[in-house]
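Heads up: the structure comes next, in structure tokens.
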Amino acid sequence: MNIGKKMEKAINDQIQAELYSGYMYLAMAAYFEAQNLKGCAHWMKKQAEEEQEHAMKFFDYVAERGGRVTLQAIQAPKTDWASPLAVFEEAYAHEQKVTSLIYGLYEVALKEKDYTSQTFLQWYLTEQVEEEADSSEIVEKLKAVQGAPQALLMLDRELGQRG
Ligand code: FEO
């Protein structure tokens with residue numbers, strides 16, 4: 001059965017949100033490059049790639065369900081932060097917001113009795129648990145290394161290992 005108009009619209013909005021997430025993480029990568037924290041920059045670039053994948057998974061799903069993907073404008077992300085901690089705090093807050101957006105999509109799928117989309121969205125519900133946990137863990141680690149530049153460099157090296 002083809003995707004309904006309400007579900008199609010909601011997913012198109014989410015494609016925009018995922019692409020914006022990628023753009024935001026890329027801006028965070030640029031900030032870390034400028035701070036010479038290459039490991040953090042690497043982590044953010046990987047995160048930006050993941051967001052692109054999240055967007056493409058929605059993109060392919062809409063097309064597969066006989067819907068129409070319509071791309072929307074992506075707003076410019078913020079370019080500067082007060083500290084590495086502030087960046088990851090914002091990343092964590094952003095992921096919490098994305099989780100609520102996914103909940104919103106799920107509610108549309110429930111209301112529309114779109115069982116296929118309900119199943120499809122399960123993947124994103126699980127993924128958001130990981131997305132929140134990853135950024136929140138780094139927030140805690142950054143709090144622990146505050147005022148200890150050597151420890152920050154070690155953490156930077158650790159984040160540079162992200163595959
Ligand atoms: Fe696409 Fe970070 O959630």
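Any value given below was found using the heavy atoms of this structure, including those in side chains, with hydrogens, waters and symmetry copies removed. Counting starts at 1 for both ligands and their atoms, in listed order.
- There is no side-chain donor-acceptor pair under 3.5 Å between Glu132 and Gln128.
- The side chain to side chain donor-acceptor pair (under 3.5 Å) contacts involving residues 144-158 comprise Lys141-Glu158, where partners must be two or more places apart or lie in separate chains.
- Taking 2.8 Å as the limit, the number of protein N, O or S atoms around atom 2 (Fe) of ligand 1 is 4.
- Nearest heavy-atom pair, His54 versus Tyr124, reported as atom, atom and distance to 0.1 Å: O-OH, 2.7 Å.
- For the pair Glu127/Glu50, a side-chain contact is recorded, criterion being any heavy-atom separation below 4.5 Å from C-beta on.
- Between Phe120 and Tyr61, the angle of the ring planes stays under 30°, which puts this pair in the parallel group of the 30/60° scheme.
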Would Glu112 and Gln118 satisfy side chain to side chain donor-acceptor pair (under 3.5 Å), going step by step from the backbone distance to the final call? CA-CA 10 Å; Glu112 295 297 299; Gln118 287 170 32; over 6 Å; no
